[in-house]
Protein chains: 2
Amino acid sequence: MLNITRKVEYALIALRHMQSKNNTDLTSAKEIATKYGIPQQLLAKTLQQMARDGIIKAVQGPAGGYKIAANLKSISLKDFFEKLEGPLGMMDCYFDSECLQITNCNIRIPIQRINDNMRSMFSKMTLQEITQ
Amino acid sequence: MLNITRKVEYALIALRHMQSKNNTDLTSAKEIATKYGIPQQLLAKTLQQMARDGIIKAVQGPAGGYKIAANLKSISLKDFFEKLEGPLGMMDCYFDSECLQITNCNIRIPIQRINDNMRSMFSKMTLQEITQ
DNA sequence: TTATATACGATAAATTTTGTCGTATATAAT
DNA sequence: ATTATATACGACAAAATTTATCGTATATAA
Ligand code: FES
Ligand code: FES
C-alpha cells in the first residue's frame, strides 16, 4: 500500500542517470532502458512527458536524446509526482467529490489531516535529494 | 498515487463509527454497510480480519456484532495499515528483493530514505487520531 | 426451530497499471 | 536524396491488482 508507480520509478532512475553525467551530454531512452532493464517504449513516453513538463530537454534525430533542463532543487517531490501521476493523496475524495461515502462519511476530516501531513512531507523534499 | 485501499477506508469508517458509540454496544456489519453505503460482505470480511488481529471483538449470533477491543492509542497507523494490507512502502523492493532493476538500480538508497520518512510519519500517528 | 449474525475460502467483476504497436517527424551521416 | 536512428504520441492489449460477490458453515438469541 501507498506505492509509487513504475512510471515514476523509471522517471527517477532516468533522472539520476542523467544527473550522473556531464550536463552537456545527451542520454537516449534506449541507453537507460538497456542498462536498467526497463521497457524502452514505456520509458520513452515517460521521458517525453518530462520533456513536455520542462524537467528535461529533448533533442531529436540520431545522436539525439535527453538532458536535464530544470534545476532539480527547485522541484519538490510533490510537484514531480503530481506532474506525472496527478493528484497526490491517500484518497481521491480529497480532490474530487464523487465519493459514494461522502454524504455520511465520518473520516473525511481526519483523513484530510493525514493527507496534508503527507503532502507537506513530499513538498519539503526535492528531486535533487533523490538524484544527487 | 500513494492511495490507501477501500478496505482500509472501510475499516477506518467502521472503527470511527464504533468509537462514537457506547463501549458496551455492539455494531453489526449490516448497520455500518447500510449507513455508509459500503458493500456488506466486503466490510464483514474486513471486520473479521480486524477481529482476528484483536483490534475489535466479535460476538456471534443474532444481536451479535463487533466492538472495539484494543486501545486505539496504542496502535500506530503504520501497524494498522500493515496488518490489513501488508508491508507499507513506496516500492516493494524495499521488502522483497526480486526487483528486476535491483542489479543496476541507482535509486534504491534514496528511495529507502524517503520510505523511512514515510513509515516514521505513520508510526507517529495512532488510530485514535483518526477515530476520535 | 427459526432468524440473524459472524467466519471464511473460492470465485468473479471491475479497475488500474503496465506494456506494446503503428505511424509520424526530426536530423545527423553517408 | 537516402538511410539510419532518435524523439513524439495516440490507440490498443496484456497483466496485475483491487474490489465485490457467492456459497456454505457455525454460533446463538428468541
Ligand atoms: S468522503 Fe470519500 S470516504 Fe469519506
Ligand atoms: S531496487 Fe527495485 S527499483 Fe531499485
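Order of the sequence lines fixes the chain letters, A, B, ..., with proteins taken first and strands second; residue numbering starts at 1 for each chain. Only heavy atoms go into these numbers, but all of them, side chains included; no hydrogens, no water, no symmetry mates.
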Rounded distance (Å) that lies between atom P of D/dG10 and atom CD of A/Gln49: 11 Å
At under 4.0 Å, does any side-chain N or O of B/Tyr10 touch on OP1 or OP2 of D/dA20? yes
A/Glu82 with A/Arg119: basic N within carboxylate O range, under 4.0 Å: yes
Could you tell me whether B/Lys21 and B/Glu31 have a side-chain N and a carboxylate O separated by less than 4.0 Å? yes
Please write out the pairs of protein N or O atoms and N or O atoms of nucleotides 26-29 of chain D separated by less than 3.5 Å, giving the distance to one decimal.
residue, atom, partner, partner atom, Å
D/dA27, O4', B/Gln60, OE1, 2.4

Shortest side-chain distance from A/Lys45, nucleotide among C/dT18, D/dT19, D/dG10: D/dG10
Closest heavy-atom pair and its distance - A/Met1, B/Glu85: SD-CG, 3.6 Å
Please give, in whole Å, the distance from D/dA8 P to A/Ile56 CD1? 8 Å
Which value, rounded to the nearest 0.5 Å, describes the distance between A/Met125 atom CE and B/Arg113 atom CZ? 9.0 Å
Check for a donor-acceptor pair, side chain of B/Asn22 on one end and backbone N or O of B/Thr24 on the other, with a separation under 3.5 Å. yes
Earlier contact from the 5' end, DNA chain C, for B/Arg52 and B/Lys30: B/Lys30
Using a cut-off of 4.0 Å on non-hydrogen atoms, how would the nucleic acid contact of A/Ala58 be classed: base, sugar-phosphate, or nothing? sugar-phosphate
Is the distance from OP1 or OP2 of D/dA6 to the nearest side-chain N or O of A/Tyr66 less than 4.0 Å? no
Looking for any heavy atom pair under 4.0 Å, which part of the strands does B/Ala51 touch: base, sugar-phosphate only, or nothing? nothing
